[in-house]
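One structure below.
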Amino acid sequence: MTNCRSLRRFAALALLASSVLFSAMEDAEAQPAGFNYDESKVPAYTLPDPLTCLDGSKVADSKTWLTKRRPELLNLFAEHVQGRTPKGDVTVREEWVQHEPALNGLASRKQVRLSFERNGVKRHVDVLVYLPAKARGPVPAFIGLNFSGNHTVHADPGIILPTSWVQNDAKKGVTNNLASAQMRGESATRWQVEKVVGRGYAVVTAYYGDLFPDRADGMADSVIALFQKELSPSDWNAIGAWSWGLSRITDYLASSGDIDLKRLALHGHSRLGKAALWAGAQDQRFAMVISNDSGEGGAALARRWFGETTKRINTSFPHWFNGAFKQYNDNEAKMPVDQHELLALIAPRPLYVASATEDQWADPKGEFLAAYHAGAVYALFGKKGVGISEQPAPEKPVGDAVGYHLRVGKHDIAEYDWDRYLDFADRHFGKPSGK
Ligand code: GTR
């Protein structure tokens with residue numbers, strides 16, 4: 001009870017600290033002031049070197065990277081940016097499972113509720129999986145969280161609606177924070193389910209609000225409440241909770257036998273791209289990581305003061321990163337890390353960073369440069385990164401172990417992005433059998 005109250009108190013403080021609260025998700029047009037779109041105003045900056053350890057020694061081989069520098073950087077990101085993910089065990093149950101033919105014979109649809117229990121607190125996440133109907137044995141898969149509920153990724157009437165809190169949107173029939181069938185298929189273009197399944201990959205998704213409702217006071221209703229304790233500034237927050245959930249879903253996939261974990265690609269768009277990068281950095285079972293327009297706190301360099309800034313993101317979304325991260329508002333040069341090092345934590349696994357021309361808020365150039373600078377760590381493994389040092393022209397994909405493209409268009413995941421991700425996965429994983 002006391003712990004629950006402390007969670008609520010922390011959440012209430014976070015709410016107070018937020019001068020502007022954005023309820024409209026992903027609305028790039030409605031961004032607040034306090035950003036820079038003028039390239040000539042980007043000040044000079046020096047990036048921290050991923051290959052220099054805290055004791056000043058240099059990393060010259062992959063072994064030192066894996067055993068010394070990688071843990072060091074993970075720890076710095078946990079302490080100063082995302083917060084520390086607790087290690088404590090949680091009781092996980094498959095509360096219900098449904099498995100039926102779907103998509104006119106193209107796939108089977110599996111839905112499972114994973115319930116979590118710890119210290120008398122219960123939470124759950126509903127997982128939706130489309131398995132290619134022709135699959136024999138474990139298949140490669142794309143896993144990613146969704147913004148508005150599993151039922152929004154495809155119009156398939158068999159998808160179970162979320163029961164947890166969703167953002168109200170009267171025009172789309174969402175009132176009282178309850179999901180509405182009117183939103184079925186709303187985000188279908190972002191998921192391209194038929195295309196992905198048709199190429200031989202499973203689609204795995206879950207609603208991010210099951211793990212942490214995306215509002216400044218969401219913590220008390222999130223999975224963080226399972227780990228009751230007094231919160232300190234270095235504790236985890238929404239991005240940490242979303243990535244924790246991705247790992248728990250992966251535990252389930254590992255036990256289900258449906259998915260070939262060696263070919264599991266994790267993707268995320270925007271704030272969920274930030275979560276995908278953090279999940280991929282911590283959990284090396286994600287065999288490939290794709291960051292789509294993840295911007296500030298994701299792939300974009302924080303020190304390159306363009307588009308959204310650290311202060312802006314911490315003000316609009318105080319519940320995403322940890323308390324310690326707030327000390328870098330207008331003070332990015334003091335951060336012990338920058339985002340190229342978050343990307344480097346994915347090495348040597350294939351990594352893809354994508355930007356969009358009209359998504360200046362996310363700083364496409366800063367996203368490219370972070371991908372470029374992560375290449376120093378891939379080189380330790382004898383792998384090539386993006387291959388060029390200047391951002392490529394729109395729709396000229398580049399890269400080897402680190403892929404990059406700049407799509408023409410707005411902040412979104414479009415078919416163009418999916419075509420690139422599928423080709424990238426085929427290239428690194430091998431084409432799924434029969435394709
Ligand atoms: C914006 C936020 C970005 C990005 C985006 C989204 O409002 O400033 O950092 O994450 O939301 O998630 O769509």
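All of these numbers come straight from a predicted model, not from anything done at the bench. Start at 1 and go down the list; that is how both ligands and their atoms are numbered.
Among E296, E308, H269, the residue whose heavy atom lies nearest to atom 9 (O) of ligand 1 is E308.
For the pair S270 and ligand 1, the shortest N or O to N or O distance falls below 3.5 Å.
For an aromatic pair to be called close, the ring centres must be under 6.0 Å apart, and W361 with F306 fails this.
The one candidate from W278, F325, F77, F227 that meets the ring pair (Phe, Tyr, Trp, His ring centres under 6.0 Å) condition with W236 is F227. Put simply, the residue from F368, F424, Y372 that forms a ring pair (Phe, Tyr, Trp, His ring centres under 6.0 Å) with Y404 is F368.
Counting heavy atoms closer than 4.0 Å to ligand 1, residue K274 contributes side-chain atoms (C-beta onward) but none from N, CA, C or O. Counting heavy atoms closer than 4.0 Å to ligand 1, residue W320 contributes side-chain atoms (C-beta onward) but none from N, CA, C or O.
Using a 4.5 Å cut-off on side-chain heavy atoms (C-beta onward), R407 and E395 make contact.
Annotation for ligand 1: atoms under 4.0 Å from non-hydrogen atoms of I313 are 9 (O).
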Checklist entry - Going through the checks in order, is the ring-ring contact (aromatic ring centres under 6.0 Å, His included) test met by H124 and W96? => result CA-CA 11 Å; H124 72 262; W96 43 253; 8.3 Å; no
